[in-house]
Chemist: 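Dumping the structure here so I can ask a few things about it.
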Amino acid sequence: MTPFLVFVLCFFLFFACLLPVVKFCYSFFLLVPFSRRRWGVLWEEEKTNDGVKWKQLEHKGPYFVPLYEPLPDDVQFYYDGKPLKLSLATEEIATFYAKMLDHEYTTKEIFQNNFFNDWRKEMTPQEQEIIKQLDKCDFKEIHKYFVDKNEARKALSKEEKQKLKEEADRIQEEYGYCILDGHREKIGNFKTEPPGLFRGRGDHPKMGMLKKRIMPEDVIINCSKDSKIPEPPVGHKWKEVRFDNTVTWLASWTENIQNSLKYIMLNPSSKLKGEKDWQKFEVARRLKDVVHRIRAQYQADWKSKEMKKRQRAVALYFIDKLALRAGNEKEEGETADTVGCCSLRVEHIKLHSKLDGQEHVVEFDFLGKDSIRYYNKVSVEKPVFKNLQLFMKNKDPGDDLFDRLSTVILNKHLQKLMNGLTAKVFRTYNASITLQEQLKALTNPEDSVAGKLLSYNRANRAVAILCNHQRSTPKTFEKSMQNLQTKIDAKKEKLEKAQQELEEAEDELKYKKDAKAEANVQKKKKLLERLKEQLAKLNVQATDKEENKQIALGTSKLNYLDPRISIAWCKKFGVPIEKIFNKTQREKFAWAIDMTDEDFEF
DNA sequence: AGGATTACTTAGGAATCAACAG
DNA sequence: CTGTTGATTCCTAAGTAATCCT
């Protein structure tokens, strides 16, 4: 080897070794100050290594919720009027039911039956012999015990509460964080789910079933090979320890109700989740560029010779226009009967050639995710209407509306139209674009901050309505509305009084033009102005509240609205970001707060 | 190809916390 | 200071969609 070659080799080796150092320094000294770029660079980096989500992952495993503490001897369970001492396992399950006694769930037959079935399975043979009917079980004393215990906890002294808080903080500190690629990151759900009775939403066939306690033997740990592997609690073992860096979860277990997996994952504030979130909105922005083409195509497909294509085109139209969910098929009898677009049945829509002065109206009425009702009357294009008539012909109410379509077929089609496009992207896209348009239309630059916030909430509300994000009217709604009205009335009265006083003061000024009278007029004027402002603010509040009664704004804000739209709006109109994003939201959207200027356009 | 499994996002309600009025 | 109320945080169920498996 010639000295020259050796030199060249050393030269390259030297720089190869230096590369990580250079990279580190670069990111440290250059990118941190210009943090706007940080996310961009990181994303670029991630794209190159396919499937690998991290290089280093170290954590302590899940925090296991405390074991069951038996009831004191004087708290009794009664069967058929007679006290009955239960075995520990049976007693624990009894407490699950007892705790829920004043919840609506326990009045439902399915809940009762499922509970009783599962409970009996865990009883000793002797208990099984005695306890044969749920309605002979008396849990009242146990119920009262827990109610009292709750009260007692609330009534604890400041110091005692502080102590409990400190203990919780200690657990959070120990189990609530992990090390991911050298950064300490917050974990989302670091505790195992406690045992209890399954609370499904809507008409769930499994409500009331026993949700078993998770033990270390059920848990799979995922971490990096060279990290400090978490210790299972003493006397226990993990089900498995694996080192899979193509997934983002830290631990998982199989839940016994649906036999599905549960995961311990990172908090939304983490870099990993933030990048994913950002990516999601970038995909939606790409849809913006091609959506016109896609719309033109599905409109053309309404007239296709193939039934399959027509169904696809009509379904996509619904997903686009009404922001419906995709609607995967689900196993019958395992979950509540809910549907999305592709799984709509004939019974879920009604067709009206004419309704309330509109033509070709489709009336939707079905239960969607979480058994939330979707009810809407929409006037559609004539070909859509004709197609729906065709799809419904010779079908029973319980038949699929789109019998030749599934989410898999639809998504395969979408994938061809745009890289990364799936049905749910339309929801993200339509939500974000609606917010941007509504903000443009509703914001008045002359308004006060409070007025601008009302506009923001209204824009947010338009999105929530589009996405059908509902909530049950808060229990205290009527009362708090009344309180607000009382306040408004009081303010009005004050205002009238101030008005009168001002007039009087002005009269007096006309009468004796001295400095004192002049000052008085000015004072009264100021007071009047202030009261007017306060009244306006209260009225705004009342409007906002009423309009928000059954609408949940949080879900769209957290999941569908590109935070950069909101941040740009704040910057443009001088509204502090804290007014629209609370602490958690600011943490989740740190990536966006970092990179957004006032001229950002979705 | 298509059903099953896995991984991850989205969702509303309950529990808890903080702010405010009385 | 204390109880009420609204806001925030926690919890975990219920979706979507990718991937695995046969």
Side-chain angles (χ1 to χ4, degrees), chain A residues 51 53 65 100 103-105 150 153-155 158 161 164-165 168 172 188-194 196 198-202 204 206-207 211 220 222 244 246-249 252 254-255 257-268 272-273 276-277 279-280 319 325-331 334-336 338-343 367-372 406-412 414-415 420-425 427-428 431 464 467-472 474-477 479-480 483-484 487 541 545 548 550-560 581-585 587-588:
Chain A
K53 307 280 168 52
V65 291
M100 290 179 74
H103 200 289
E104 204 199 330
Y105 272 117
N150 257 333
R153 203 169 42 86
K154 272 184 214 153
K158 236 181 197 161
K161 277 185 182 165
L164 287 175
K165 179 97 195 316
Q172 161 86 37
N189 55 327
F190 59 89
K191 291 177 180 168
T192 60
E193 293 172 15
F198 177 72
R199 297 150 92 121
R201 319 245 168 93
H204 198 115
K206 298 194 170 187
M207 63 167 79
K211 193 170 123 170
I220 303 174
N222 191 34
D244 185 353
T246 67
V247 295
T248 66
W249 52 269
S252 71
T254 302
E255 154 270 355
I257 303 285
Q258 322 263 10
N259 221 265
S260 66
L261 285 157
K262 296 257 179 166
Y263 300 94
I264 288 190
M265 288 193 186
L266 292 173
N267 187 275
L272 198 69
K273 292 280 188 191
K276 197 78 192 295
D277 206 34
Q279 226 178 93
K280 173 182 80 186
I319 285 170
R325 294 188 186 82
N328 284 329
E329 47 268 66
K330 8 196 266 175
E331 221 175 322
E334 293 292 300
T335 58
T338 62
V339 296
C341 185
C342 293
S343 51
L367 297 183
K369 182 177 181 179
D370 292 308
S371 294
I372 296 293
S406 71
T407 54
V408 175
I409 296 171
L410 179 64
N411 280 334
K412 281 207 173 121
L414 293 176
Q415 202 61 243
L421 185 61
T422 61
K424 84 197 256 289
V425 179
R427 246 167 106 80
T428 311
C467 294
N468 201 38
H469 290 141
Q470 298 188 26
R471 60 168 184 177
S472 42
K475 285 179 233 72
T476 54
F477 183 83
K479 202 175 154 198
S480 73
N483 285 348
L484 194 56
K487 264 194 204 168
Q541 249 182 52
K545 203 183 182 103
N548 252 0
Q550 282 177 304
I551 298 166
L553 299 185
T555 306
S556 51
K557 209 188 234 184
L558 211 58
N559 300 300
Y560 289 104
F581 290 151
N582 66 31
K583 184 169 139 276
T584 318
Q585 291 159 344
E587 278 167 10
K588 169 164 179 174

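Keep in mind that the numbers below use all heavy atoms, side chains included, and drop hydrogens, waters and symmetry copies. Bear in mind that the values here come from a model prediction, so they are computed numbers and not experimental data.
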Chemist: Any base atoms under 4.0 Å from G340(A), or only sugar-phosphate, or nothing? Heavy atoms, all strands.
Modeler: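 It contacts nothing in the nucleic acid.
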
Chemist: Over all strands shown, is A336(A) touching base, sugar-phosphate only, or nothing at heavy-atom distances under 4.0 angstrom?
Modeler: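 Nothing: the residue A336(A), judged by heavy atoms under 4.0 Å, touches no strand.
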
Chemist: Closest to the Y263(A) side chain: dA7(B), dC17(B), dT12(C)?
Modeler: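 Nucleotide nearest to Y263(A)'s side chain: dA7(B).
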
Chemist: Look at all strands and tell whether P194(A) reaches a base, only sugar-phosphate, or nothing, counting heavy atoms closer than 4.0 Å.
Modeler: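 It contacts sugar-phosphate atoms only.
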
Chemist: Give one of base, sugar-phosphate or nothing for L558(A), where a contact means two heavy atoms less than 4.0 Å apart.
Modeler: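 Result for L558(A) = nothing.
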
Chemist: In whole angstrom, what separates F581(A)'s CZ from dT8(C)'s P?
Modeler: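 Interatomic distance, CZ of F581(A) to P of dT8(C): 13 Å.
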
Chemist: With a non-hydrogen cut-off below 4.0 angstrom, is Q258(A) in contact with a base, only sugar-phosphate, or nothing?
Modeler: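 Here Q258(A) touches the backbone only, sparing every base.
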
Chemist: 5'-most contact on DNA chain B: S260(A) or K412(A), nearest heavy atom basis?
Modeler: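 It is K412(A) whose nearest nucleotide is closer to the 5' end.
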
Chemist: Tell me whether the side-chain N/O atoms of K369(A) come closer than 4.0 Å to OP1 or OP2 in dA13(C).
Modeler: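 Indeed not, no polar side-chain atom of K369(A) lies that close.
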
Chemist: Any side-chain N or O of K276(A) less than 4.0 Å from the OP1 or OP2 oxygen of dA7(B)?
Modeler: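 Answer is no, no contact under 4.0 Å.
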
Chemist: What nucleic acid atoms does G327(A) come within less than 4.0 Å of, heavy atoms only: base, sugar-phosphate, or nothing?
Modeler: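 The answer is sugar-phosphate, as G327(A) gets under 4.0 Å only of primed atoms, P, OP1 or OP2.
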
Chemist: If you look at every strand shown and take non-hydrogen atoms under 4.0 Å, does S252(A) touch a base, only sugar-phosphate, or nothing?
Modeler: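 Touches nothing.
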
Chemist: Going by the angle between their ring planes, with limits at 30° and 60°, are W249(A) and Y263(A) parallel, tilted or perpendicular?
Modeler: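 Rings of W249(A) and Y263(A): tilted, 30 to 60°.
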
Chemist: Is any side-chain nitrogen or oxygen of T555(A) closer than 4.0 Å to OP1 or OP2 of dG12(B)?
Modeler: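 Checking dG12(B) against T555(A), a side-chain N or O does come within under 4.0 Å of OP1 or OP2.
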
Chemist: Out of curiosity, L272(A) CG to K53(A) NZ, how far, rounded to the nearest 0.5 Å?
Modeler: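 The NZ atom of K53(A) is 7.5 Å from CG of L272(A), to the nearest 0.5 Å.
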
Chemist: Output yes when at least one side-chain N/O atom of K262(A) is less than 4.0 Å from OP1 or OP2 of dA7(B), else no.
Modeler: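 False: K262(A) side-chain N/O out of range (4.0 Å or more) of dA7(B) OP1/OP2.
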
Chemist: Using heavy atoms to find the nearest nucleotide of DNA chain C for K583(A) and V339(A) separately, return the residue whose nucleotide is more 5′.
Modeler: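 With K583(A) and V339(A) compared, the 5'-side residue is K583(A).
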
Chemist: In whole angstrom, give the distance that lies between atom CG of N150(A) and atom P of dA14(B).
Modeler: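 It works out to 15 Å between those atoms.
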
Chemist: Could you check how far CD1 of I220(A) sits from C1' of dT5(B), rounded to whole Å?
Modeler: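 After rounding, the reported distance stands at 13 Å.
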
Chemist: Could you work out which one of dT10(B), dA14(C), dT9(C) sits closest to the side chain of D370(A)?
Modeler: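 Minimum distance to the D370(A) side chain belongs to dA14(C).
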
Chemist: So, is Y560(A) close to the dA11(B) phosphate, meaning a side-chain N or O under 4.0 Å from OP1 or OP2?
Modeler: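 Checking dA11(B) against Y560(A), a side-chain N or O does come within under 4.0 Å of OP1 or OP2.
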
Chemist: Can you see if the side chain of R325(A) gets near the phosphate of dA14(C) - specifically, an N or O under 4.0 Å from OP1 or OP2?
Modeler: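 So the side-chain polar atoms of R325(A) never come under 4.0 Å of the phosphate oxygens OP1 or OP2 of dA14(C).
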
Chemist: Name the closest nucleotide to the L261(A) side chain, picking from dA7(B), dG12(B), dT10(B).
Modeler: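 The listed nucleotide nearest to L261(A)'s side chain is dA7(B).
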
Chemist: Would you say dT16(C) has OP1 or OP2 under 4.0 Å from some side-chain N or O of N328(A)?
Modeler: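 Yes, such a contact exists.
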
Chemist: Quickly work out the K161(A) NZ to dA18(B) C1' distance and round it to whole Å.
Modeler: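 It is 12 Å, rounded to the nearest whole Å.
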
Chemist: Below 4.5 Å, heavy atoms only, C-beta onward: do L421(A) and Q415(A) meet side chain to side chain?
Modeler: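 L421(A) does not reach Q415(A) side chain to side chain.
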
Chemist: Reckon K273(A) touches a base, only the sugar-phosphate, or nothing at all at heavy-atom distances under 4.0 Å?
Modeler: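 Sugar-phosphate: the residue K273(A), judged by heavy atoms under 4.0 Å, touches backbone atoms but no base.
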
Chemist: If you look at every strand shown and take non-hydrogen atoms under 4.0 Å, does K211(A) touch a base, only sugar-phosphate, or nothing?
Modeler: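 Sugar-phosphate contact only - K211(A) comes under 4.0 Å of backbone atoms but never of a base.
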
Chemist: Going by heavy atoms in the side chains, are E587(A) and K583(A) under 4.5 Å from each other?
Modeler: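 They are in side-chain contact.
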
Chemist: Using atom NZ of K557(A) as one end and atom P of dT8(C) as the other, report the distance to the nearest whole Å.
Modeler: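 Computing the K557(A):NZ to dT8(C):P distance gives 8 Å.
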
Chemist: Step by step, work out the side chain to side chain donor-acceptor pair (under 3.5 Å) result for N328(A) and T407(A).
Modeler: CA-CA 6 Å; N328(A) 284 329; T407(A) 54; 2.5 Å; yes

Chemist: Which is true for R471(A) with a 4.0 Å heavy-atom rule: it touches a base, it touches only sugar-phosphate, or it touches nothing?
Modeler: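 Sugar-phosphate only.
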
Chemist: Between S556(A) and V247(A), who's closer to the 5' end of DNA chain B by nearest nucleotide?
Modeler: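 The 5'-side residue here is V247(A).
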
Chemist: Starting at the 5' end of DNA chain C, which residue's closest nucleotide do you reach first, G188(A) or G202(A)?
Modeler: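 Result: G188(A).
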
Chemist: Scan T338(A) against the nucleic acid and name what it touches under 4.0 Å (heavy atoms): base, sugar-phosphate only, or nothing.
Modeler: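 Sugar-phosphate contact only - T338(A) comes under 4.0 Å of backbone atoms but never of a base.
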
Chemist: Distances under 3.5 Å only, N/O to N/O: pair up the protein atoms with those of nucleotides 18-22 of chain C.
Modeler:
none

Chemist: How many angstroms lie between CD1 in I372(A) and NE2 in H469(A), if you round to the nearest 0.5 Å?
Modeler: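 If we round to the nearest 0.5 Å, I372(A):CD1 and H469(A):NE2 are 10.0 Å apart.
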
Chemist: Without decimals, in angstroms, what is the distance between N189(A) CG and dT12(C) P?
Modeler: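 Atom-to-atom, N189(A) to dT12(C), this comes out as 9 Å.
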
Chemist: Are S472(A) and dG12(B) close enough that a side-chain N or O sits under 4.0 Å from OP1 or OP2?
Modeler: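 Indeed not, no polar side-chain atom of S472(A) lies that close.
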
Chemist: Within the pair H103(A) and dA14(B), is there a side-chain N or O less than 4.0 Å away from OP1 or OP2?
Modeler: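 H103(A) to dA14(B) OP1/OP2: side-chain N or O found under 4.0 Å.
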
Chemist: Rounded to the nearest 0.5 Å, what separation is found between the CZ atom of R427(A) and the CG atom of N468(A)?
Modeler: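 Interatomic distance, R427(A) CZ to N468(A) CG, rounded to 0.5 Å: 8.0 Å.
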
Chemist: Has Q470(A) got a side-chain N or O lying under 4.0 Å from the OP1 or OP2 atom of dG12(B)?
Modeler: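 Indeed not, no polar side-chain atom of Q470(A) lies that close.
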
Chemist: Nearest to the side chain of R201(A), heavy atoms from C-beta on, is which of dT12(C), dA17(C), dG15(C)?
Modeler: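 Per side-chain heavy atoms of R201(A), the pick is dT12(C).
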
Chemist: Atom OG1 in T555(A), atom CG in D370(A): separation rounded to 0.5 Å?
Modeler: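 Answer for the OG1-CG pair, T555(A) versus D370(A), is 9.0 Å.
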
Chemist: Step by step, would you call R199(A) with M207(A) a side chain to side chain contact (heavy atoms under 4.5 Å, CB included)?
Modeler: CA-CA 5 Å; R199(A) 297 150 92 121; M207(A) 63 167 79; over 6 Å; no

Chemist: Where is the tightest heavy-atom contact between L410(A) and C342(A), given as atom of each residue plus distance?
Modeler: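 That closest heavy-atom pairing would be CD2-SG, 4.0 Å.
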
Chemist: Taking only side-chain N and O atoms of H204(A), does any of them lie within less than 4.0 angstrom of OP1 or OP2 on dA14(C)?
Modeler: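 True: H204(A) side-chain N/O within range (under 4.0 Å) of dA14(C) OP1/OP2.
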
Chemist: Grab the NZ-C1' distance between K154(A) and dG3(C) for me, whole Å please.
Modeler: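 Taking atom C1' of dG3(C) as the reference, NZ of K154(A) is at 12 Å.
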
